[in-house]
Participant: 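Would you mind keeping the following structure in view while I ask a few things?
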Amino acid sequence: MVGVVETPAPADSSFARGNVVVVVPNYPCRRCYSCRRGLINLCDEFDHAGATSDGGLAELLWVPDEFLHRVPDGLEPAVAALAEPLACVLNAVVRINWQAGEPVLVLGGGPIGLLFAAVAKLSGSGPVIVSEPNPARAALALAVGADHVVDPLQPEALNRLSELLGGNGAPIVFDALGSLLSTALHLVAKGGSIYIFGVNQAAQVTFKPAEIVDKEVNVFGVYIAKGTFPRAIRLLAAHPDVFGRIVSDSIPLADWGRARDLLMSGTAAGKILVTMARVG
Ligand SMILES: [Zn+2]
């Protein structure tokens, strides 16, 4: 979420009234087992803006200033609003040994998959291949840097993906749905890595552990952001034209129900923003 500082506090806060800021929306407790080990993205007692505290659909909310980051001049609030999801994607990227010119496979072309595809392309990877059935999302994937998009619901989709990867698989596979481990294992290269990002509590996946062993595959779970907001904001400011395309719908707060329906229908091409008058 993006907002404008209304009342800075305490007096020595580094923020001033009128500053445009993004909010880190998960406030760790700093006392639990995970926090004490420095794993603040895995806090057991998180306070989540928008879930356990007021969030981005409140016109005014209180945020501890350690969870605010300034939006640089010239960066549109609508693009800056991608800082949180991009910071989460960058938490996967910090674990990746990027190699320019190596293929990347992204399973799922929702906003998170699109952000990952864009970062992969900007990092020099290629071809960047996205698997996504929704035609609007497929078009967006190409617009943010994907080299190929394959509809996974078409017959022969797996063969097509395999063929685009030259028959060797992808050294990096990103599962943006959180339910595609067996597909990922099929398409990952020997010695490759799978990053499971999507959170799907209902997903049950059948796979052969031997596939992990035989190919010496690394499987990583990636949960939200961890110290990655400053980099996310710099990336957005450097490439607003690329990332700005991911925002497909801006809906005023008064029409919030329309935003919810669009989200729940799964038909939006990209990120849905809810806007309000205070932030331009
Ligand atoms: Zn904690």
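Atoms within each ligand, like the ligands themselves, are counted from 1 in listed order.
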Participant: Among F229, F15, Y27, W62, which residue meets the ring-ring contact (aromatic ring centres under 6.0 Å, His included) test with F67?
Facilitator: Y27

Participant: Please check this pair: side chain of D147 against backbone of V128, looking for a donor-acceptor N/O pair closer than 3.5 Å.
Facilitator: yes

Participant: Flag the pair F116 / F174 as yes when their ring centroid distance falls below 6.0 Å, and as no otherwise.
Facilitator: yes

Participant: Which ILVMFWY residues are connected to V94, directly or by a chain of links, through side-chain heavy atoms under 4.5 Å apart?
Facilitator: none

Participant: Under the rule for salt bridge (Lys or Arg N to Asp or Glu O under 4.0 Å), what residues qualify as partners of D44, not counting sequence neighbours?
Facilitator: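 If we apply the salt bridge (Lys or Arg N to Asp or Glu O under 4.0 Å) test to D44, skipping adjacent residues, there are no hits.
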
Participant: Considering only distance and modelled atom types, tabulate donor-acceptor pairs under 3.5 Å from the side chains of residues 248-259, sequence neighbours left out.
Facilitator:
unit_1: S248; atom_1: OG; unit_2: G270; atom_2: N; d: 2.7

Participant: What protein N/O/S atoms sit under 2.8 Å from the Zn ion (ligand 1), by chain and number?
Facilitator: C29 SG, C32 SG, C35 SG, C43 SG

